[in-house]
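First comes the structure, then the notes that go with it.
This is a predicted model, so every value here is computed, not measured. Atoms within a ligand are numbered from 1 in the order they appear, just like the ligands themselves.
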Amino acid sequence: MLNKEYDPDDSLVLHTDLYQINMMYTYFKKGIADRNAVFESYYRTEPFGNGFAVFAGLERVVHYINSLHFTESDLAYLKATEHYDDDFIDYLRNLDFKLNIRSMREGELVFANEPLVQVEGPLAQCQLVETAILNIINFHTLLATKAARIRLAVGDDLIMEFGTRRAQETDAALWGTRAAYIGGFDATSNVRAGKLFGIPTSGTHAHSLIEAFGSEYEAFKAYAETHRDCVFLVDTYDTIRSGVPTAIKVAKEMGDKINFQGVRIDSGDMAYISKRVRKQLDEAGFPNAKIYASNDLDENTITSLKMQGAKIDVWGIGTKYITAYDQPALGAVYKLVAIEGSDGKMRDTLKISSNVIKVSTPGKKQVWRISANTKKKNEGDWVARDTEDPRKLDSLYMFHPEYTYINKVVTDFTARPLLRDIFVAGKQVYDLPDVKEIKRQTAENLDGLWDEYKRSLNPQEYPVDLSQELYDSKVKLIEEIRTKIRERSQE
Ligand SMILES: Nc1ncnc2c1ncn2[C@@H]1O[C@H](COP(=O)(O)OP(=O)(O)OP(=O)(O)O)[C@@H](O)[C@H]1O
Ligand SMILES: O=P(O)(O)OC[C@H]1O[C@H](OP(=O)(O)OP(=O)(O)O)[C@H](O)[C@@H]1O
Ligand SMILES: O=C(O)c1cccnc1
């Protein structure tokens with residue numbers, strides 16, 4: 001959200017870390033700002049102990065990239081607060097964004113250590129956009145993944161998103177709602193999200209309605225006289241003795257004048273209470289009335305409630321979804337993988353670390369999703385150099401990049417490239433799909449994943465393998481860098 005209240009000329013171009021602009025300055029002054037570079041973003045471990053993540057955030061990245069330009073007030077601010085020379089300020093003023101961006105599509109199932117977004121173009125420009133891209137995809141992907149976990153726990157019941165009041169401010173509520181819908185929720189209580197994205201909105205009422213009228217009967221009756229669809233919140237005083245009998249009384253009095261959809265419970269032992277409430281509704285002649293539940297629910301409480309045979313039909317979920325309560329960060333990073341040298345040739349780059357998982361994989365890549373034609377399920381992902389194309393191969397050798405003895409040969413397969421062109425030379429070439437289509441895609445993608453990767457507790461590790469060529473180039477580059485460091489330390 002732009003902050004026009006603070007600055008009518010606000011733009012998102014300064015939504016970056018200062019060190020990015022400081023590096024741009026160095027690149028500019030040293031004459032390498034326009035060298036071609038390739039950066040890739042990826043995360044290192046699956047969030048929430050899950051077996052996959054649901055990629056999301058691309059729409060926001062596209063809007064961000066399309067909006068990029070330094071306004072006069074941005075430039076004046078930089079000039080006043082930093083030490084940059086005027087020629088750099090002029091360079092920023094005239095910056096022509098020429099990035100090539102490839103990305104996973106929203107709703108794609110993605111895995112640790114494979115590129116999600118790839119940014120190629122002038123080094124300084126690639127550097128500038130790192131922070132915002134990570135800011136966006138880290139949040140959206142984390143939340144869409146949390147939503148998918150909740151969807152898998154719930155099965156086919158309805159899920160309503162109730163998180164806005166507990167979210168980390170307005171943007172998180174709005175976009176978190178969109179991510180919820182992508183990941184598998186059915187509706188939201190956030191009206192603005194309904195208007196902006198076309199997500200179905202839905203809602204019951206709060207305890208304040210009952211307190212305002214002074215009694216459950218007055219409140220339910222008043223609500224029923226002003227609304228056709230009615231879900232009564234029954235736990236204000238005593239769910240079993242007062243709330244549900246009153247809801248039933250009003251539903252009977254109003255008859256066909258209302259569509260009595262059910263009751264919501266928001267406290268207490270929801271397994272026990274929901275069973276009692278189900279019995280009360282059935283005995284009163286309302287077998288189709290649904291039981292809604294809310295109160296700090298997440299995939300764990302839902303799984304437990306289902307195991308206890310709770311009679312809950314609709315799940316309202318707020319805090320623990322919208323705040324990604326059990327894992328607040330995805331931890332995606334953005335690494336330089338190739339850069340143009342002074343000779344005009346691209347060379348691969350690598351960041352070495354004593355921690356194996358932190359050694360980046362060099363070179364511009366493509367991610368291929370390999371599915372066996374006979375099984376219609378995914379065999380794994382094959383991360384290859386951009387110049388490779390598994391569709392030209394009859395059989396594919398797939399091996400674990402760390403434990404190379406875990407390997408297999410796949411024949412009769414389909415390979416689907418996952419990184420799609422989004423921007424070419426700064427021009428958007430990708431049509432953003434509707435959020436409903438993204439949601440449909442997510443569900444279809446989940447159907448293509450074996451159950452072993454989908455269980456919420458201790459799922460199997462999905463294969464994200466490197467091509468032989470990529471693996472060899474990584475090992476060779478590590479060796480070259482090590483040798484260089486050894487030689488230098490002996491000088
Ligand atoms: N049968 C159950 N099995 C597992 N978890 C449950 C069950 N019933 C409720 N819960 C969960 O246990 C937690 C109960 O929290 P808490 O003690 O705050 O609720 P409460 O008793 O309803 O109190 P309050 O009235 O303050 O909301 C909630 O997260 C709720 O979703
Ligand atoms: O529990 P969550 O998953 O976060 O879901 C959202 C919560 O927001 C409401 O409570 P709140 O106390 O804010 O309002 P109320 O007065 O209507 O109960 C609602 O009753 C849910 O309990
Ligand atoms: O409509 C509801 O029941 C609702 C909306 C937001 C938060 N809690 C509940």
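Counting protein heavy atoms only, atom 16 (O) of ligand 2 is closest to H207 ND1, 3.4 Å. Nearest non-hydrogen protein atom to atom 4 (O) of ligand 2 is T319 OG1, 2.5 Å. At the shortest separation from atom 1 (O) of ligand 3 among protein heavy atoms lies T204 N, 2.8 Å. In terms of protein heavy atoms, atom 25 (O) of ligand 1 is closest to S267 CB, 3.5 Å. For atom 5 (N) of ligand 1, the nearest protein heavy atom (residue, atom name, distance) is T301 CG2, 4.0 Å. The protein non-hydrogen atom at the shortest distance from atom 1 (O) of ligand 2 is D296 N, 2.8 Å. Closest to atom 7 (C) of ligand 2, if we only count protein heavy atoms, is R166 NH2, 3.7 Å. At the shortest separation from atom 8 (N) of ligand 3 among protein heavy atoms lies F162 CD1, 3.5 Å. At the shortest separation from atom 6 (C) of ligand 3 among protein heavy atoms lies R165 NH2, 3.6 Å. Of all protein heavy atoms, the one closest to atom 17 (O) of ligand 2 is A206 CB, 3.1 Å. For atom 3 (N) of ligand 1, the closest non-hydrogen atom of the protein is Q308 NE2, 3.0 Å. Nearest protein heavy-atom contact of atom 14 (O) of ligand 2 is R165 NH1, 3.2 Å. In terms of protein heavy-atom proximity, atom 14 (C) of ligand 1 is nearest to N295 ND2, 4.3 Å.
Looking at ligand 1, you won't find any N or O of L305 less than 3.5 Å from one of its N or O atoms. Polar contact with ligand 1: present for D269 (N/O pair, distance under 3.5 Å). Polar contact check, K320 against ligand 1: no nitrogen or oxygen pair lies under 3.5 Å apart. For ligand 1, the polar-atom distance check against M270 finds a nitrogen or oxygen pair separated by under 3.5 Å. Residue G318 has at least one N or O atom closer than 3.5 Å to an N or O atom of ligand 2.
Which parts of ligand 2 touch R264 is read off a 4.0 Å heavy-atom cut-off, strictly below it: atoms 19 (C), 20 (O). Listed by number with element, the atoms of ligand 3 under 4.0 Å from a non-hydrogen atom of G203 are 1 (O).
Under the side chain to side chain donor-acceptor pair (under 3.5 Å) test applied with E106, the options R178, Q441, R60 reduce to a single match, R178.
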- prompt: Does the side-chain hydrogen bond (donor to acceptor under 3.5 Å, both in side chains) test come out yes or no for S304 and Q308, once each step is laid out?
  reply: CA-CA 6 Å; S304 167; Q308 297 166 61; 2.8 Å; yes

task: Take F286 and F260 through the test ring-ring contact (aromatic ring centres under 6.0 Å, His included) and record every step on the way to the result.
output: CA-CA 9 Å; F286 293 105; F260 176 48; 5.1 Å; yes

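You'll find the ring centres of Y453 and F52 outside the 6.0 Å limit. In summary, the aromatic rings of F185 and Y321 are positioned with their centroids under 6.0 Å apart.
Between E299 and K320 no salt bridge is recorded (no basic side-chain N to carboxylate O distance below 4.0 Å). We find that K221 and E218 are not joined by a salt bridge, their nearest charged nitrogen and carboxylate oxygen being 4.0 Å or further apart. Between D451 and K377 no salt bridge is recorded (no basic side-chain N to carboxylate O distance below 4.0 Å). Between R420 and E108 there is no salt bridge, since no side-chain N of the basic residue sits under 4.0 Å from a carboxylate O of the acidic one. Using a 4.0 Å cut-off between charged nitrogen and carboxylate oxygen, E216 and K249 do not count as a salt-bridge pair. At a threshold of 4.0 Å, the pair R278-D313 counts as salt-bridged, since one of the basic side-chain nitrogens sits closer than that to a carboxylate oxygen.
For the pair I302 and L305, the minimum side-chain heavy-atom distance is 4.5 Å or more. In this structure the side chain of V337 never reaches within 4.5 angstrom of the side chain of S360, judged on heavy atoms.
The CG atom of D74 sits 7.5 Å away from atom CG of D10, with the distance rounded to the nearest 0.5 Å.
Between the side chain of H69 and the main chain of S67, a donor-acceptor pair closer than 3.5 Å is present.
Protein heavy atoms all stay at least 4.0 Å away from atom 18 (O) of ligand 1. Counting only heavy atoms, the protein gets under 4.0 Å from atom 9 (C) of ligand 1. Not a single protein heavy atom sits closer than 4.0 Å to atom 12 (O) of ligand 1. Taking a distance limit of 4.0 Å, we find that atom 1 (N) of ligand 1 is approached by some protein heavy atom. For atom 23 (O) of ligand 1, no protein non-hydrogen atom is found at a distance below 4.0 Å.
For the pair M160 and ligand 3, no heavy-atom separation below 4.0 Å is found.
Nearest to atom 21 (C) of ligand 2 by heavy atom, out of L297, I317, D266, L233, is D266.
Judged by distance alone, the side chains of Y462 and E114 never bring a donor and an acceptor atom under 3.5 Å apart.
Residue contacts with ligand 2 for N295 involve N, CA, C or O but no side-chain atom from C-beta outward (heavy atoms, distance under 4.0 Å).
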